[in-house]
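Written out below as structure tokens is the structure these notes cover.
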Amino acid sequence: MLKYLKSTVCAVAGLALGATAALANPYEEFAGETLVVNFPAHPHFDAVMKVLPEFTKETGIRVEVDQLQYLKMRERQTLELTKNRGDYDLIAYVVFSKADYVYADQLENLARFFMNPKLADPNYEAEDLIDGYVANIGVAGGKKGYLPGPTGSLFGLPFGSETSILGYRKDIFDKHDLKVPETYDELLELVCLIPELEPGMGGLASRAASGHHASHAFLLHLAPLGGRIFDDEWKPIVNNEAGVEAAEALKKIVNCGAEGSKTFGFAEAGASFLQGNSAMFLDSTVFAGQVNNPDKSKVVGLVEWAPHPVGERAGSQTGGFGIGIPKNAQNKDAAFLLMQWLTSKKADKLIAMAGGNPSRYSTHADADVNEKFPHMATFGEALKNADPDWRPIIPVWGKINADLGTTLSKIIVEDAPVQESLNGVAERTQAIMDDAGYYTWTQ
């Protein structure tokens with residue numbers, strides 16, 4: 001279905017070719033307008049801010065950016081999207097928000113914009129967008145309600161999306177003649193071997209703090225190890241063999257980690273790696289930009305990257321941000337032009353060169369980008385295994401996620417029994433799903 005959506009976009013854009021070619025400047029009608037956009041305070045969007053003046057220079061459309069810390073951004077959007085006339089023409093949203101905003105009918109379906117020959121760029125090349133990111137960030141209404149399928153539609157485009165990647169200390173690996181782990185068996189052997197070889201150094205820096213961070217770390221391992229939160233009938237299976245294996249893997253990683261590992265969030269785990277206290281780091285690609293920054297890192301020039309290790313299957317995370325047009329926006333056509341420009345091949349490269357996260361396969365393979373950021377080619381290969389279903393993007397996920405994260409913390413910190421603890425999560429999750437109506441058609 002995802003390939004169908006992308007081919008449809010390309011076909012519609014092709015129909016627009018004649019009209020677009022005849023129009024000397026497709027932006028002329030909107031020159032002088034000011035768009036108000038809402039972006040998070042985030043490294044990708046910091047890079048976008050450096051590139052936005054080029055859009056105004058090319059189009060004559062001014063852009064005013066309200067850039068907020070993520071939680072404040074979400075709070076502001078929750079208010080703005082309920083107004084009859086909103087202040088924002090374009091918003092960035094984290095992947096969790098896709099389910100909330102689409103379910104509440106607060107985001108525009110993008111079909112009518114891509115059908116408009118005056119707006120749709122025939123050279124957009126939608127097939128170059130990373131499939132897993134489009135599915136994860138942009139598509140709703142298909143399989144399971146949040147994945148592509150015959151009934152799916154496109155409500156946003158990936159912009160600041162992320163996947164998981166393995167960073168490792170090449171000097172430590174070379175010193176001890178260690179093989180870069182390609183499988184989970186190899187990874188889990190190394191996480192406890194490295195502290196023996198390098199006393200005082202943790203094997204793998206990981207999130208583990210109670211709540212979202214512990215849940216995120218668990219999910220990183222659950223999908224590759226063959227697990228899911230639900231089966232195809234929404235029955236919780238987080239407590240099956242794969243779930244237990246993922247929880248035990250996380251516990252082992254944390255127990256063989258650097259000092260303080262049991263309370264690490266994303267920032268603390270990253271700092272442990274940057275300060276040379278951990279030999280490996282398995283988390284979001286957004287972290288890579290800090291590794292060779294001497295103001296933040298003591299491991300400049302010592303880190304290389306590899307794909308997320310494979311378990312029962314290859315499956316790295318998908319997450320981060322997308323951009324969409326609010327239903328109550330006042331300048332929707334111009335907002336679409338900005339969205340299309342920001343996610344174009346040209347702008348994607350400009351943003352990547354400024355330190356942002358590319359959304360296109362071609363940008364990851366680009367020679368200029370790889371000369372400046374050699375890890376991008378490896379990231380591009382890893383993205384072929386990006387899994388849009390590594391966590392369920394449904395409206396009640398917040399409740400389930402909080403309970404899962406709290407329970408995992410008890411497993412890690414208090415040594416709570418794994419199977420019994422996950423049985424409890426499954427039981428409570430089923431009650432949440434029942435209350436939300438997910439079993440209406442199966443009872």
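No hydrogens, no waters, no symmetry mates; every other heavy atom, side chains included, goes into these values.
- Between Tyr70 and Phe321, the ring planes lie perpendicular to each other; the angle is over 60°, past the 30° to 60° tilted range.
- A side-chain contact (heavy atoms from CB on, under 4.5 Å) with Val134 holds for exactly one of Thr318, Leu157, Leu154; it is Leu154.
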Can His364 and Val369 be said to form a side-chain contact (heavy atoms from CB on, under 4.5 Å), step by step? CA-CA 7 Å; His364 284 86; Val369 173; over 6 Å; no
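- At a cut-off of 3.5 Å, with distance as the only test, no side-chain donor of Ser359 or Thr343 sits close to an acceptor on the other residue.
- The minimum heavy-atom distance linking Ala92 with Ile323 is given by the pair CA-CG2, 4.0 Å.
- For the residue pair Asn423 / Glu427, no side-chain donor-acceptor distance below 3.5 Å is found, with atom types taken as modelled.
- With hydrogens and angles ignored, the 3.5 Å screen pairs no side-chain donor or acceptor of Tyr361 with any backbone N or O of Glu381.
- Note that CG of Asp435 and NZ of Lys399 are 6.5 Å apart. Values are rounded to the nearest 0.5 Å.
- Atom OG of residue Ser344 and atom CG of residue Leu129 lie 10.0 Å apart, to the nearest 0.5 angstrom.
- Considering only heavy atoms from C-beta on, Leu282 comes within 4.5 Å of Pro309 through its side chain.
- Other residues, nucleotides and ligands contribute over 12 non-hydrogen atoms within 6.0 Å of the NZ atom of Lys144.
- Side-chain atoms of Glu58 and Trp341 form a donor-acceptor pair, as typed in the model, at a separation below 3.5 Å.
- Tyr146 and Asn136 share no side-chain donor-acceptor pair at under 3.5 Å.
- Between Asp66 and Arg76, at least one side-chain nitrogen of the basic residue sits less than 4.0 Å from a carboxylate oxygen of the acidic one, meeting the salt-bridge criterion.
- The closest side-chain donor-acceptor pair between Ser284 and Glu162 falls under 3.5 angstrom.
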Report the C-alpha distance between Ile194 and Met280 in whole Å, list the side-chain angles of each, state the deciding distance to 0.1 Å, and finish with yes or no for side-chain contact (heavy atoms from CB on, under 4.5 Å). CA-CA 10 Å; Ile194 287 171; Met280 293 182 288; 4.0 Å; yes
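- Classified by interplanar angle (parallel below 30°, tilted 30° to 60°, perpendicular above 60°), the ring pair His216/Trp390 is perpendicular.
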Evaluate side-chain contact (heavy atoms from CB on, under 4.5 Å) for Gln67 paired with Met73, printing each intermediate quantity in order. CA-CA 8 Å; Gln67 193 172 17; Met73 183 188 80; over 6 Å; no
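- Remark: Phe379 pairs with Trp305, His375 by the ring-ring contact (aromatic ring centres under 6.0 Å, His included) rule, at least two apart or across chains.
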Begin from the C-alpha positions of Gln77 and Tyr101 and carry the test side-chain hydrogen bond (donor to acceptor under 3.5 Å, both in side chains) through to its verdict. CA-CA 10 Å; Gln77 289 177 4; Tyr101 294 169; 2.7 Å; yes
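- Side-chain atoms of Asn277 and Ser272 include no donor-acceptor pair closer than 3.5 Å.
- Minimum heavy-atom separation, Cys256 to Val191: CB-O, 3.3 Å.
- We find that Asp174 and Lys170 are joined by a salt bridge, their nearest charged nitrogen and carboxylate oxygen being less than 4.0 Å apart.
- Donor-acceptor pairing under 3.5 Å is lacking for the side chains of Tyr184 and Glu312.
- Using a 4.5 Å heavy-atom threshold, the side chains of Val63 and Asp89 count as separate.
- Minimum heavy-atom separation, Leu408 to Phe218: CD1-CB, 3.4 Å.
- Between Val244 and Asn239 there is no side-chain heavy-atom pair separated by less than 4.5 Å.
- Side-chain contact of Asn328 with Glu80: a donor-acceptor pair under 3.5 Å is absent, judged by distance alone.
- If you check the side chains of Asn401 and Ser215, you find a donor sitting under 3.5 Å from an acceptor.
- Here the side chains of Val48 and Val51 are not in contact, with every heavy-atom distance at 4.5 Å or above.
- For the pair Leu52 and Leu342, the minimum side-chain heavy-atom distance is below 4.5 Å.
- Aromatic ring centroids of His213 and Phe266 lie 6.0 Å or more apart.
- Side chains of Gln317 and Asp387: no donor on one and acceptor on the other come within 3.5 Å.
- Distance check, rounded to the nearest 0.5 Å: CD1 of Ile325 to CZ of Phe155 gives 12.0 Å.
- A cation-pi arrangement is found for Arg360 relative to Tyr124, the charged atom lying closer than 6.0 Å to the ring centre and inside a 45° cone about the ring normal.
- Under the 4.5 Å side-chain criterion, counting only non-hydrogen atoms from C-beta, Tyr438 is in contact with Ile394.
- Nearest heavy-atom pair, Ala223 versus Arg228, reported as atom, atom and distance to 0.1 Å: CB-NH1, 3.8 Å.
- Electrostatic pairing of Lys50 and Asp46 does not count as a salt bridge here, judged by no charged N lying under 4.0 Å from a carboxylate O.
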Could you go step by step and tell me if Ile137 and Tyr93 meet the side-chain contact (heavy atoms from CB on, under 4.5 Å) rule? CA-CA 9 Å; Ile137 292 290; Tyr93 59 90; 3.7 Å; yes
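- The six-membered or imidazole ring of Phe39 lies away from that of His44, with a centre-to-centre distance of 6.0 Å or more.
- No side-chain heavy atom of Thr163 sits under 4.5 Å from any side-chain heavy atom of Asn385.
- The two residues Pro358 and Gly356 make their nearest non-hydrogen contact at CD-O, 3.4 Å.
- Between Ile229 and Pro392, the shortest heavy-atom distance links the atoms CG1-CD, 3.9 Å.
- Every pair passing side-chain hydrogen bond (donor to acceptor under 3.5 Å, both in side chains) that includes a residue from residues 249-270 is listed here, sequence neighbours excluded: Lys251-Asp415.
- Note on ring orientation: taking the six-membered ring where Trp is involved, the planes of Phe336 and Phe113 are parallel (angle under 30°, cut-offs 30° and 60°).
- Between Lys298 and Leu274 the shortest side-chain heavy-atom distance does not fall below 4.5 Å.
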